[in-house]
Amino acid sequence: TAATTTTATATTNNPDKPKSRKKDKAPRIPPPDMIVDNNGKMSYTRGPPLGEGGFASCFLISDQKNGRFAAKVIQKSELHTAKARHKLFAEIKIHQDRTHKNIVKYYHCFEDDNFVYLVLELCESKTLMELIKRRKRLTEPEVRYYVKQIVAGCAYLHEEKIIHRDLKLGNIFLTKDLQVRIGDFGLAAVLLNEGDRKKTICGTPNYIAPEILFDTDNGHSFEVDVWSVGVIMYTLLIGKPPFQTNEVKAIYKKIRDNIYEFPKDVPISEEAKSLIARLLDPKPRYCPSKLDRSALETAPNFDREERLFKQERLQQQMQQ
Ligand code: ADP
């Protein structure tokens with residue numbers, strides 16, 4: 001059988017918040033009020049916290065010219081295992097040099113005695129997770145607006161041979177003027193050679209593609225992100241994830257059996273339903289004859305989805 005590693009992400013009991021810190025860990029200490037990058041001779045003033053993840057705390061920081069950024073701060077004491085260091089280096093390596101209008105901009109990283117800092121574009125309107133909590137669900141034109149940008153960012157990553165592997169509402173950041181920025185490359189992987197497959201079981205329960213869980217011999221590839229975009233699209237339209245239940249095991253069973261439904265009380269167009277069904281379609285992935293690289297490449301799929309969105313928008317404009 002395949003060598004598989006289960007990350008904390010896949011074994012959590014909260015299907016949306018996988019990265020809770022272990023309770024036995026020492027509390028984090030805040031970074032200094034004045035953060036100094038000796039190498040770049042830069043200094044930043046630390047502002048209020050923006051959020052906390054399993055791995056890092058995030059703070060608003062400003063430079064001397066009043067430029068505002070998000071600093072992802074990792075306490076060095078949490079980097080004592082080789083695995084943790086490897087994870088951080090992988091995240092930096094993948095995120096740096098990636099430039100796209102729908103990807104959180106990575107500026108640089110540096111360290112002081114106690115912390116490693118990643119200086120990132122500030123996304124002031126938080127994430128789609130907070131948006132959906134406030135709004136419950138979005139209208140179809142709004143969902144098209146967001147999903148189209150997620151698809152554009154994701155297609156760019158795939159062209160760069162990167163699988164994000166943790167696309168979910170909480171990792172879709174929003175700028176002040178509500179532009180989409182995909183962030184958190186903590187689980188991302190690079191597929192250097194065409195046809196390479198990944199075998200690590202990782203992701204977030206509600207968003208995890210069936211082949212990650214159940215096709216561990218074959219492994220998985222870019223199409224797992226397409227699946228997650230399907231989960232995101234459904235969640236934005238309906239207000240809750242398609243496979244959501246109280247029990248993570250039951251979620252996985254629903255994912256395996258592709259069991260989800262559209263509640264009758266939420267109006268949703270046939271076009272949206274069919275797009276979700278195509279994004280959440282496990283069959284083509286499991287067809288052995290299609291398990292060759294050309295059939296599984298997702299970029300062409302994304303092109304198709306994007307064309308479909310444009311077409312829908314046109315139709316809608318014509319109806320208005
Ligand atoms: P981890 O990898 O530990 O999960 P995240 O990258 O998810 O860390 O960041 C933790 C939290 O910090 C996020 O949930 C979010 O609230 C906040 N955050 C992260 N990046 C940004 C950003 N670029 N702009 C604003 N807030 C951010």
Side-chain angles (χ1 to χ4, degrees), residues 7-12 14-22 25 27-31 35 44 46-63 67-79 81 83-96 98-109 115-134 149-150 153 157 162 164-189 202-207 228 232:
T7 69
T9 324
T11 54
T12 174
N14 184 330
D16 284 317
K17 273 201 171 168
K19 293 172 183 170
S20 55
R21 298 182 77 228
K22 286 202 184 100
K25 277 199 176 170
R28 284 182 182 147
I29 49 163
I35 298 170
Y44 300 90
R46 173 169 65 82
L50 295 168
E52 184 143 336
F55 195 50
S57 306
C58 204
F59 291 86
L60 192 151
I61 56 168
S62 2
D63 67 11
R68 285 146 53 88
F69 305 90
K72 194 164 165 170
V73 184
I74 301 104
Q75 207 163 296
K76 281 188 178 172
S77 61
E78 293 196 18
L79 290 173
T81 63
K83 196 176 162 200
R85 284 193 298 277
H86 182 82
K87 184 179 179 292
L88 176 62
F89 292 148
E91 177 172 348
I92 293 171
K93 206 160 178 259
I94 289 177
H95 200 172
Q96 70 183 1
R98 306 295 163 204
T99 313
H100 186 271
K101 62 178 191 304
N102 299 117
I103 303 294
V104 171
K105 177 103 188 80
Y106 173 102
Y107 291 101
H108 67 129
C109 75
F115 303 96
V116 176
Y117 303 88
L118 271 56
V119 181
L120 306 173
E121 173 183 16
L122 176 64
C123 299
E124 294 194 67
S125 302
K126 304 201 165 178
T127 71
L128 283 180
M129 172 89 110
E130 286 82 16
L131 182 72
I132 212 72
K133 273 196 187 132
R134 251 189 349 260
Q149 294 179 64
I150 298 168
L157 292 177
I162 295 165
H164 186 284
R165 299 202 296 185
D166 204 16
L167 290 177
K168 56 179 177 180
L169 297 191
N171 284 337
I172 309 296
F173 291 89
L174 300 169
T175 63
K176 200 172 179 182
D177 57 348
L178 297 181
Q179 300 280 329
V180 165
R181 303 282 192 266
I182 296 174
D184 194 355
F185 288 80
L187 291 182
C202 63
T204 297
N206 267 330
Y207 297 83
S228 304
I232 290 172

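Indexing begins at 1, ligand by ligand and atom by atom, following the structure's order. Given the structure is predicted, the values throughout are model-derived calculations rather than measurements.
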Asks: Report yes if V104 has an N/O atom closer than 3.5 Å to an N/O atom of ligand 1; otherwise report no.
Replies: no

Asks: Could you state the interatomic distance from SG (C109) to OH (Y117), rounded to the nearest 0.5 Å?
Replies: 12.5 Å

Asks: Determine whether R98 and I162 satisfy the following criterion, side-chain contact (heavy atoms from CB on, under 4.5 Å), listing intermediate values before the conclusion.
Replies: CA-CA 10 Å; R98 306 295 163 204; I162 295 165; 3.1 Å; yes

Asks: With a cut-off of 4.0 Å, which atoms of ligand 1 are near a heavy atom of G53?
Replies: 1 (P), 3 (O), 4 (O), 8 (O), 10 (C)

Asks: Any N/O of G54 closer than 3.5 Å to an N/O of ligand 1?
Replies: yes

Asks: Side chain, backbone, both or neither: which applies to C123 and ligand 1 if a contact is any heavy-atom pair less than 4.0 Å apart?
Replies: both

Asks: Minimum distance, heavy atoms only, to atom 12 (O) of ligand 1: which one of G170, S125, C58 is it?
Replies: C58

Asks: Please could you name the atoms of ligand 1 that L50 approaches to less than 4.0 Å, counting only its heavy atoms?
Replies: 16 (O), 25 (C), 26 (N)

Asks: With backbone taken as N, CA, C and O and side chain as the heavy atoms from C-beta onward, which portion of E52 lies under 4.0 Å from ligand 1: side chain, backbone, both, or neither?
Replies: backbone

Asks: A side-chain contact here means heavy atoms from C-beta on lying under 4.5 Å apart; do T204 and N171 qualify?
Replies: no

Asks: With side chains defined as the heavy atoms from C-beta onward, is the minimum distance between V104 and F185 less than 4.5 Å?
Replies: no

Asks: Please say whether more than 12 non-hydrogen atoms of neighbouring residues, nucleotides or ligands are located less than 6.0 Å from NZ in K76.
Replies: yes

Asks: Report yes or no: does a heavy atom of A56 sit under 4.0 Å from some atom of ligand 1?
Replies: yes

Asks: Is any side-chain heavy atom of Q149 closer than 4.5 Å to a side-chain heavy atom of I172?
Replies: no

Asks: For atom 13 (C) of ligand 1, tell me which residue out of F59, F185, Y106, F173 has the closest non-hydrogen atom.
Replies: F173

Asks: Could you list which atoms of ligand 1 come closer than 4.0 Å to a heavy atom of A70?
Replies: 22 (C), 23 (N), 24 (N)

Asks: Near K126 NZ, under 6.0 Å, is it more than 12 heavy atoms from other residues, nucleotides or ligands?
Replies: no

Asks: Considering distance alone, does some N or O of F55 sit under 3.5 Å from an N or O of ligand 1?
Replies: yes

Asks: Just verifying a value: how many Å separate R181 CZ and H100 NE2, rounded to the nearest 0.5 Å?
Replies: 10.0 Å

Asks: Short N/O distance, under 3.5 Å, between E121 and ligand 1?
Replies: yes

